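Remarks on the structure that follows.
Here is how names work: the chains are called A, B, and so on, in the same order as the sequence lines, proteins then strands, and each is numbered from 1. Since the model is a prediction, treat every value here as computed from it, not as a measurement.
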Number of protein chains: 2
Amino acid sequence: MSQSSPPKGDPQVIFADYIAERGLKMTPQRRHILEVFMRQDGHVTSEELYAKVKDSCKTIGQATVYRTLKLLCGSGLAKEADFGDGLLRYERQQGRDHHDHLICEGCGRNVEILDPTIEKHQEAVARSHGFTLTHHKLYLYGLCPRCQVKPRP
Amino acid sequence: MSQSSPPKGDPQVIFADYIAERGLKMTPQRRHILEVFMRQDGHVTSEELYAKVKDSCKTIGQATVYRTLKLLCGSGLAKEADFGDGLLRYERQQGRDHHDHLICEGCGRNVEILDPTIEKHQEAVARSHGFTLTHHKLYLYGLCPRCQVKPRP
DNA sequence: TTCATTGCAAAGCCTTTGCATAAGT
DNA sequence: ACTTATGCAAAGGCTTTGCAATGAA
């Protein structure tokens, strides 16, 4: 009911805990990068996040963004996604369900998808080879409705 | 029946046609790289192929291997695979069915898989978003039977 | 003869690292 | 105080590109 106590799943708290647990230190830069990152909706590159972070903190360095992004992945707040275009992207992970990606090759539009049957069969295939599955990557590439009509404007 | 006439699907012929069609030129280097590539079973990096090619042709350059590999992909004889470890790999594509990959994170072992149900549902998911599918990438990561017992020797 | 290819080295590109300084704990 | 973090710039690692020389067609 209170407005001032931080919510259970407050990313800043989660991150602070993660930092503290490993004897690391919380800094204004890390707080700030996390804050900006949590406002992002889709999949940002380090470069893109760096640009946005810099808007409100001129002195921050690119390397700090890279380093913090790795930490965020470690803490479970972020997740790396490699769409195969040579850039690493990061998306929010906290409190979100696993999902895969459907990517339009015309306009770059990116739809998050989840198909229980696919997920289930992935487990089955792995098991049939005696593997235990830790994770997977599924990217579907195609053309969205708009780009099917008018490809690559 | 004849031994001397090249088989229908002779890679050298396919590649030569591809080269000729676009006004490019066939060279000993390209022939040689293709020949060595076709002897590879799994998924080779440009570096690995370069090393093998060099065994029998000391003067060949790394760049030529890179360039030829791109051409081979264009001709449909090769296919790029990005397992997410920072290296591009290439596998033979000609006359082979599509397949995905199941990768052991312990020993790097790589099993080719194919699940019709998964394939079918990928199409369905794309269609449900109005997308037409051109291709996809599915990588399953886990531990093979051996590495489950004795992880990372 | 003409235009693509080659091999070398240099450049690109994204990401990581080294280091002196700054700053959490 | 003791260590970690920061920002800068340099270094890495893989891939691509520029260029003069070479070689297909």
Side-chain angles (χ1 to χ4, degrees), chain A residues 12-13 15-37 43-51 53-75 78-90, chain B residues 12-13 15-37 43-51 53-75 78-90:
Chain A
Q12 292 288 354
V13 173
F15 194 41
D17 286 352
Y18 177 81
I19 291 290
E21 274 167 18
R22 11 202 94 203
L24 307 180
K25 291 165 184 174
M26 183 51 81
T27 66
Q29 289 92 334
R30 286 176 176 173
R31 258 189 293 268
H32 185 224
I33 292 169
L34 171 55
E35 194 203 309
V36 174
F37 176 70
H43 318 81
V44 288
T45 63
S46 181
E47 184 79 31
E48 287 164 354
L49 189 62
Y50 173 54
V53 163
K54 226 180 174 183
D55 282 344
S56 31
C57 175
K58 304 292 183 193
T59 63
I60 208 159
Q62 174 99 255
T64 301
V65 175
Y66 273 102
R67 289 187 276 229
T68 303
L69 241 11
K70 295 293 180 197
L71 285 175
L72 289 176
C73 288
S75 75
K79 192 167 166 224
E80 255 183 33
D82 178 358
F83 294 168
D85 62 352
L87 298 191
L88 282 181
R89 289 159 201 283
Y90 296 86
Chain B
Q12 293 288 354
V13 174
F15 194 41
D17 286 351
Y18 177 81
I19 291 290
E21 275 168 18
R22 11 201 94 203
L24 307 179
K25 291 165 182 174
M26 185 50 82
T27 65
Q29 289 91 333
R30 286 177 176 173
R31 259 190 292 268
H32 184 225
I33 291 168
L34 171 55
E35 194 203 309
V36 174
F37 176 71
H43 317 82
V44 287
T45 63
S46 180
E47 183 79 31
E48 287 164 356
L49 189 62
Y50 174 54
V53 163
K54 225 180 175 184
D55 282 346
S56 30
C57 175
K58 304 292 184 195
T59 63
I60 208 159
Q62 173 99 256
T64 301
V65 175
Y66 272 103
R67 288 187 277 229
T68 304
L69 240 11
K70 295 294 180 196
L71 284 174
L72 290 176
C73 288
S75 76
K79 192 165 165 226
E80 256 183 31
D82 178 359
F83 295 168
D85 63 351
L87 298 191
L88 282 180
R89 288 158 202 283
Y90 296 86

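- Between Lys70(A) and the phosphate of dT16(C), there is a side-chain N or O to OP1/OP2 separation shorter than 4.0 Å.
- If you check the side chains of Lys70(A) and Tyr66(A), you find no donor sitting under 3.5 Å from an acceptor.
- The shortest distance between the side-chain N/O atoms of Tyr66(B) and the OP1/OP2 oxygens of dT16(D) is not below 4.0 Å.
- Between the C1' atom of dT6(D) and the NZ atom of Lys58(A) lies a distance of 19 Å, rounded to the nearest Å.
- For the contact set between residues 24-37 of chain A and DNA chain D, defined by any heavy atom under 4.0 Å, the members are Leu24(A), Lys25(A), Thr27(A), Gln29(A), Arg30(A).
- As a whole-Å value, the separation of Asp85(A) CG from dC13(C) P is 14 Å.
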Report, one pair per line, the protein and nucleotides 18-21 of chain C atoms (nitrogen or oxygen only) whose separation is under 3.5 Å.
none

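- Of all the heavy atoms in Tyr90(B) and Glu80(B), the pair that sits closest is CE2-CG, 3.2 Å.
- Leu71(B) and Tyr18(B) get closest at one heavy-atom pair: O-CE2, 3.6 Å.
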(request) Please lay out, stage by stage, how Phe15(A) and Arg31(A) fare under the test side chain to side chain contact (heavy atoms under 4.5 Å, CB included). (result) CA-CA 9 Å; Phe15(A) 194 41; Arg31(A) 258 189 293 268; over 6 Å; no

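- Summarising the geometry of Ile33(B) relative to Leu49(B), their closest heavy-atom pair is CG2-CD2, 4.1 Å, with the distance given to 0.1 Å.
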(request) Begin with the C-alpha distance, continue with both residues' side-chain angles, and end with the deciding distance and a verdict on side chain to side chain contact (heavy atoms under 4.5 Å, CB included) for Tyr50(B) and Ile60(B). (result) CA-CA 8 Å; Tyr50(B) 174 54; Ile60(B) 208 159; 4.1 Å; yes

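- For the pair Ile19(B) CD1 and dC3(C) C1', the interatomic distance rounds to 14 Å; values are reported in whole Å.
- Distance, Lys54(B) NZ to dT6(C) C1': 14 Å, rounded to whole Å.
- Of the possible donor and acceptor atoms, one in the side chain of Arg30(A) sits under 3.5 Å from a partner among the backbone N and O of Lys25(A).
- Each end of the helix from dT1(C)-dA25(D) to dT25(C)-dA1(D) yields a helix axis from five base pairs, and these two axes differ in direction by 30° (to the nearest 10 degrees).
- Within the nucleic acid shown, Thr45(A) has no heavy atom closer than 4.0 Å to any nucleic acid atom.
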(message) Could you go through Thr68(B) and Leu34(B), starting from their C-alpha distance and side-chain angles, then the distance that decides it, and tell me whether this counts as side chain to side chain contact (heavy atoms under 4.5 Å, CB included)?
(response) CA-CA 8 Å; Thr68(B) 304; Leu34(B) 171 55; 5.8 Å; no

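- Taking atom CG of Leu69(A) as the reference point, atom P of dA5(D) lies 16 Å away to the nearest angstrom.
- Rounded to an integer number of Å, the gap from Tyr50(B) OH to dT6(C) C1' is 12 Å.
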